[in-house]
J.: 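Structure incoming, see below.
Only a predicted model underlies this, so the values are computations on that prediction, with no experimental measurement involved.
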Amino acid sequence: MEHTSGGFSGEEFQNACEELQQFGRVGNDWQLLMEHEGFKIYRRLDEQTGLYEYKVFGVLDNCPPAVLADVYMDLDYRKQWDQFVKELYEKECNGKTVVYWQVKYPFPMSNRDYVYIRQRRDLDMDGQKIHVVLAQSTSAPQIPERSDVVRVNQYKQSLAIESDGKKGSKVFMYYFDNPGGQIPSWLINWVAKNGVPNFLKDMAKACQNYLKKT
């Protein structure tokens, strides 16, 4: 589903909320890839691309949901704590706000970059506040491709956050991207098994520093 207008449907936000409510109860077509330090990662083969899409469920202790959502949305702050960010900014293109994000890849591979739209909504589900952020790649002629960077044209991510009943957050994340080029299988496996859980843990640490700042 293309969203060139810069928005997402209410149904898509609702779906992310429902995933969080089910918290790990996935269909038979999803397989458990790993379970580590409170995180479960599931994957499912995308027949069209031959790549996997992923679902992640976990709890981040001592990281309040509203703060976690704020940290995730704060691009300037992310440049301070995410070691893989090469370049990251927002730009107005044809009346919509898009994000440009360049990711560092290990030598000798080329860096990847993304142009995507994102939107956050804070929803109420049976008295429980859930913060949802959706993101999906889009086209923006004002941000042309670079010769030394591979543009990722298929990218989609959902993030849903609610209180764990204590001082932390229950988190659901869905993600899929097609990095293009010849990516070694070891790197794809590493990102799936380590990259996203490590990203969530780094974000939790960033929450602690964010709380100190505010």
J.: How far does NZ of K104 sit from CE of M109, to the nearest 0.5 angstrom?
T.: 14.5 Å
J.: Roughly how far apart are N62 CG and K205 NZ, rounded to 0.5 Å?
T.: 14.0 Å
J.: Atom CZ of F13 and atom CG of L134: how far apart are they, to the nearest 0.5 Å?
T.: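 Nearest 0.5 Å value for the CZ-CG distance: 4.0 Å.
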J.: Just by distance, no angles: are the side chains of Q31 and Y42 close enough, under 3.5 Å, to form a donor-acceptor pair?
T.: no
J.: Could you check N94 against Q142 for side-chain hydrogen bond (donor to acceptor under 3.5 Å, both in side chains), going step by step and ending with a plain yes or no?
T.: CA-CA 9 Å; N94 300 331; Q142 297 91 334; 3.0 Å; yes
J.: According to a 4.5 Å side-chain heavy-atom criterion applied to Ile, Leu, Val, Met, Phe, Trp and Tyr, with indirect links allowed, do V103 and L88 form part of one hydrophobic cluster?
T.: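 The answer is yes; both residues are in one hydrophobic cluster.
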J.: Where the side chain of D46 meets the backbone of E53, is there a donor-acceptor pair that is under 3.5 Å apart?
T.: no
J.: Verify the distance criterion only: is there a donor paired with an acceptor across the side chains of Y89 and E87 at less than 3.5 Å?
T.: no
J.: Taking the six-membered ring of Y100, is NZ or CZ of K91 closer than 6.0 Å to its centre and within 45° of its axis?
T.: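 Output no; distance or angle outside limits.
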J.: Do you know which two heavy atoms are closest between A69 and H131, and how far apart they sit?
T.: CB-CB, 3.8 Å
J.: Determine whether more than 12 heavy atoms belonging to other residues, nucleotides or ligands lie under 6.0 Å from atom NZ of K79.
T.: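 More than 12 within 6.0 Å, yes.
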J.: If we check side chain to side chain contact (heavy atoms under 4.5 Å, CB included) with V56, which of these qualifies: V171, L200, L33?
T.: L200
J.: So, R146 side chain and P144 main chain: donor-acceptor pair closer than 3.5 Å or not?
T.: no
J.: Please tell me if the side chains of Y210 and Y77 come closer than 4.5 Å, counting only heavy atoms from C-beta onward.
T.: yes
J.: If I take atom CE from residue M203 and atom CE from residue M173, how far apart are they, to the nearest 0.5 angstrom?
T.: 5.5 Å
J.: Taking the side chain as C-beta and beyond, is there a heavy-atom pair between R151 and V115 under 4.5 Å?
T.: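 With C-beta onward as the side chain, the pair touches.
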J.: Do D164 and S169 touch side chain to side chain, with heavy atoms closer than 4.5 Å?
T.: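 Side-chain contact under 4.5 Å: no.
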J.: Locate the shortest heavy-atom distance separating A16 from A160; write the atom from each residue and the value.
T.: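 So the two residues come closest at O-CB, 3.7 Å.
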J.: For D148, look at atom CG and say whether over 12 heavy atoms of other residues, nucleotides or ligands are found less than 6.0 Å away.
T.: yes
J.: With side chain to side chain contact (heavy atoms under 4.5 Å, CB included) as the test, would you mind laying out the steps for T138 and V98 before giving the verdict?
T.: CA-CA 8 Å; T138 190; V98 301; 4.0 Å; yes
J.: Using a 4.5 Å cut-off on heavy atoms from C-beta on, say whether the side chain of V132 contacts that of R120.
T.: no
J.: Side chains of V67 and Q208: closer than 4.5 Å at any heavy-atom pair?
T.: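 No. Closest side-chain heavy atoms not under 4.5 Å.
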J.: So, for F199 and W81, is the gap between ring centers shorter than 6.0 Å?
T.: yes
J.: Give, for atom CG of N178 and atom CD of Q48, the distance between the pair rounded to the nearest 0.5 Å.
T.: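 One gets 10.0 Å once the value is rounded to the nearest 0.5 Å.
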J.: Go through it in stages, so that I can follow the logic: the residues are E162 and Q21, the test is side chain to side chain contact (heavy atoms under 4.5 Å, CB included), and I'd like the CA-CA distance, side-chain angles, deciding distance and then a yes or no.
T.: CA-CA 9 Å; E162 70 176 352; Q21 299 297 304; 3.4 Å; yes
J.: Check for me, please, whether Y175 and F84 land in the same ILVMFWY cluster - side-chain distances under 4.5 Å, paths through other members count.
T.: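 Same cluster.
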J.: Indicate yes or no for a side-chain donor-acceptor contact from R44 to the backbone of K55 under 3.5 Å, with no hydrogens or angles considered.
T.: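 Side chain of R44 to backbone of K55, a donor-acceptor pair under 3.5 Å: no, none is there.
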J.: Looking only at the side chains, is there a donor atom on one of K129 and S163 sitting less than 3.5 Å from an acceptor on the other?
T.: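 No - no donor-acceptor pair under 3.5 Å links their side chains.
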J.: Is any side-chain heavy atom of E11 closer than 4.5 Å to a side-chain heavy atom of N15?
T.: yes
J.: Side chains of Q154 and F176, heavy atoms from C-beta outward: is any pair under 4.5 Å?
T.: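 Side chain of Q154 against side chain of F176, heavy atoms only: contact under 4.5 Å found.
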J.: Just wondering, do D113 and V152 contact through their side chains at under 4.5 Å, heavy atoms?
T.: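 Answer no - side chains too far apart.
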J.: Going from SG on C207 to CG on L60, what distance comes out if it is rounded to the nearest 0.5 angstrom?
T.: 7.5 Å
J.: Check this for me: K40, atom NZ, are more than 12 non-hydrogen atoms of other residues, nucleotides or ligands nearer than 6.0 Å?
T.: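 At most 12 heavy atoms, drawn from other residues, nucleotides or ligands, come within 6.0 Å of this atom.
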J.: If we check side-chain hydrogen bond (donor to acceptor under 3.5 Å, both in side chains) with R78, which of these qualifies: D74, D76, D82?
T.: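 With R78 as partner, D74, D76, D82 yield a single side-chain hydrogen bond (donor to acceptor under 3.5 Å, both in side chains), made by D82.
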J.: If every non-hydrogen atom of P179 is compared with every non-hydrogen atom of Y105, which pair is closest and at what distance?
T.: CB-OH, 3.8 Å
J.: Decide yes or no on side chain to side chain contact (heavy atoms under 4.5 Å, CB included) for F57 and I41, but give the supporting numbers first.
T.: CA-CA 7 Å; F57 300 88; I41 302 180; over 6 Å; no
J.: Any side-chain donor-acceptor pair under 3.5 Å between T97 and E92?
T.: yes
J.: Does D177 form a side-chain hydrogen bond (donor to acceptor under 3.5 Å, both in side chains) with Y114? I'd like the steps, not just the answer.
T.: CA-CA 10 Å; D177 73 33; Y114 300 72; 2.9 Å; yes
J.: Would you kindly confirm whether V150 and V99 end up in one hydrophobic cluster when ILVMFWY residues are joined by side chain heavy atoms under 4.5 Å apart?
T.: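 In one cluster with V150: V99, no.
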J.: Show the numbers, then the answer: is there a ring-ring contact (aromatic ring centres under 6.0 Å, His included) between Y174 and Y54?
T.: CA-CA 6 Å; Y174 165 90; Y54 298 91; 9.0 Å; no
J.: Can you name the nearest heavy-atom pair linking V133 to Y72, along with the distance?
T.: CG1-CE2, 3.6 Å
J.: Please assess L75 against R118 for the test side chain to side chain contact (heavy atoms under 4.5 Å, CB included), listing each intermediate value before the final yes or no.
T.: CA-CA 12 Å; L75 299 184; R118 64 174 187 163; 3.5 Å; yes
